[in-house]
Amino acid sequence: MKTLVIIPCYNEQDTIEKVISNLAEKAPWADYLVVNDCSTDNTEKILREKKMNYINNPVNLGIGGGVQAGYLYAKQNGYDIAVQMDGDGQHDPRYLASLIEPVKNGEADMSVGSRFIKKEGFQSSRMRRLGINIISFLIKLFTGKKVYDVTSGYRACNRRLIEFFADNYADDYPEPEAIISCVLNGYEVCEVPVVMAERMGGVSSIRSLKSAYYMIKVCLALVVRRIQITKRKAVK
C-alpha cells in the first residue's frame, strides 16, 4: 500500500539528516515528507542542500498544523497510509512495518506506537509518565477506550483517517485530542509495541514547568472536545 511518513520539523538541524537516512535504510518502501514549520536554525538549508522531500509552512503553525499539512499532502497525492514520525530521532523506523500492519489489514483505522506495552527503551521522565497516565484515564473515561501511550507521536492512519485529519486536526499538542476524536467519531484505535530512544538533539517543546501546563491544557482540551463531539452528534 502506498505509504507516506509525515515528519513535522522545527529546529531539528542536529537530527533531521540522520532521521531521513535511517528511514531510507530501514524502510525504503515508504515515501516521506518533512514539514518544515518555519525553523529558525539551519534546518531548511540542510533539507534543501541534501535534496530531501520537504515543504515549508508559510507561518509557524505548531505541531498540529505541521502534521495536518502532511495529511493534506497525503490526501491530495493518493496515499493509502500515513505515518507520523518525529524529527528528533526518537522513533525507530525498524518498527514501521509492524506499526502499519493492523492498519493495512483493516484491524484498525489508527495504530499508535506504544513504549508502555513491553516497557523497553526510553520511558520518559516520572513526571511526564504521571501526566500521560492522567490523560490516558480521561480518554478512557470519555470514550471507554484504554490507550496507554496517549502522547506518542509515532502512529499510522488509513485512508479514511487521512481524509478526516486533512480537514480536522487539533492545534498545539494534538496527539491525545486526535485519539479522542477518532474513537468518538467511530474509528478504531489500537496500540503496537515499539522501542523509543531519547531525542538525538534539539530541545523538547515540553520541559520543566511546561509539563504541568501541558497536562492541564490537554485535560481541558479533552473535556471541550468531548462536549463538542457530543453536541454535534445530538444535532445530527
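- A donor and an acceptor atom, one from each side chain of Asn11 and Thr40, are located under 3.5 Å apart.
- Between Cys9 and Thr43, the shortest heavy-atom contact is SG-CG2, 3.5 Å.
- Looking only at side-chain heavy atoms (C-beta outward), Val223 and Leu220 stay at 4.5 Å or farther from each other.
- Residue Gly113 comes nearest to Met196 through the heavy atom pair O-CE, 3.5 Å, listed as atom of the first residue, atom of the second, then distance.
- Sorted by first and then second residue, the salt bridge (Lys or Arg N to Asp or Glu O under 4.0 Å) pairs involving residues 61-70 (not counting sequence neighbours) form an empty list.
- Between the Ser114 side chain and the Pro193 main chain, no donor and acceptor come within less than 3.5 Å of each other.
- Using a 4.5 Å cut-off between side-chain heavy atoms of Ile, Leu, Val, Met, Phe, Trp and Tyr, with links allowed through other members, Ile81 and Met85 fall into the same hydrophobic cluster.
- Closest approach of Asp88 and Gln90 over heavy atoms only: OD2-NE2, 2.8 Å.
- Tyr32 is linked by a ring-ring contact (aromatic ring centres under 6.0 Å, His included) to nothing, counting only residues two or more places apart in sequence or in another chain.
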Could you go through residues 96-110 and list every donor-acceptor pair under 3.5 Å that involves a side-chain atom there, pairing it with any protein atom two or more places apart or in another chain?
residue : atom : partner : partner atom : Å
Ser98   : OG   : Tyr95   : O            : 2.9
Glu101  : OE2  : Asn105  : ND2          : 3.0
Asn105  : ND2  : Glu101  : O            : 3.4
Asp109  : OD1  : Asn158  : ND2          : 2.7
Asp109  : OD1  : Arg160  : NH1          : 2.9
Asp109  : OD2  : Glu188  : N            : 2.7

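- Looking at heavy atoms from C-beta onward, Phe165 lies in side-chain contact with Cys182 at the 4.5 angstrom threshold.
- Val35 and Val59 fall into different hydrophobic clusters, where Ile, Leu, Val, Met, Phe, Trp and Tyr residues are linked whenever their side-chain heavy atoms come under 4.5 Å apart, directly or through other members.
- Here the CD atom belonging to Glu175 is positioned 5.5 Å from the CZ atom belonging to Arg155, to the nearest 0.5 angstrom.
- Between the OG1 atom of Thr3 and the OH atom of Tyr79 there is a distance of 9.0 Å, given to the nearest 0.5 Å.
- Of all heavy-atom pairs between Pro28 and Ala24, the closest is CB-O, 3.4 Å.
- Among pairs with a residue in residues 19-28, those fulfilling salt bridge (Lys or Arg N to Asp or Glu O under 4.0 Å) read Lys26-Asp92, at least two apart in sequence or across chains.
- To the nearest 0.5 Å, atoms CD (Glu12) and CG (Leu47) are separated by 10.5 Å.
- Heavy atoms from other residues, nucleotides or ligands lying under 6.0 Å from NZ of Lys146 number more than 12.
- Residue Glu163 places its CD atom among more than 12 non-hydrogen atoms of other residues, nucleotides or ligands, all under 6.0 Å distant.
- Of the possible polar contacts, none joining the Ser39 side chain to the Asp41 backbone as a donor-acceptor pair under 3.5 Å is found.
- You'll find the side chain of Asn133 stays beyond 4.5 Å of the side chain of Ile135, heavy atoms only.
- Ring centers of Phe164 and Tyr187: under 6.0 Å apart, within the cut-off.
- Both Ile7 and Met52 belong to a common hydrophobic cluster when Ile, Leu, Val, Met, Phe, Trp and Tyr are linked at side-chain heavy-atom distances under 4.5 angstrom.
- Of the charged side-chain nitrogens involved, none lies within less than 4.0 Å of a carboxylate oxygen, so that Lys2 and Asp80 do not count as a salt-bridged pair.
- A 4.5 Å side-chain heavy-atom check between Val112 and Tyr148 finds every atom pair outside the cut-off.
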Could you tabulate the donor-acceptor pairs under 3.5 Å formed by side-chain atoms of residues 61-78, not counting sequence neighbours?
residue : atom : partner : partner atom : Å
Gln68   : NE2  : Ala166  : O            : 3.1
Tyr71   : OH   : Gln84   : OE1          : 2.7
Asn77   : ND2  : Tyr73   : O            : 2.8

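- Interatomic distance, OG1 of Thr15 versus CG of Asn22, reported as 11.5 Å (0.5 Å rounding).
- Taking every heavy atom of both residues into account, Pro176 and Ile139 meet most closely at O-CD1, 3.8 Å.
- Residues Val183 and Lys140 form no side-chain contact, since every pair of their non-hydrogen atoms from C-beta on lies 4.5 Å or further apart.
- Tyr10 and Tyr169 are assigned to two separate hydrophobic clusters, defined by single-linkage of ILVMFWY side chains at heavy-atom distances under 4.5 Å.
- Put simply, Val224 and Leu138 are part of two different groups of oily side chains (I, L, V, M, F, W, Y) that touch within less than 4.5 Å, one to the next.
- To the nearest 0.5 Å, atoms NZ (Lys51) and CD1 (Ile46) are separated by 14.5 Å.
- Ser136 places no side-chain N or O within donor-acceptor distance of the main-chain N or O of Ile132, the cut-off being under 3.5 Å.
- Here the closest non-hydrogen pair linking Val19 and Gly89 is CG2-N, 3.6 Å.
- Interatomic distance, Leu222 CG to Ile134 CD1, rounded to the nearest 0.5 Å: 12.0 Å.
- Within the structure, every pair that satisfies the side chain to side chain donor-acceptor pair (under 3.5 Å) test and touches residues 53-66, not counting sequence neighbours, is listed here: Asn36-Asn56, Asp37-Asn57, Asp37-Asn60, Glu44-Asn56.
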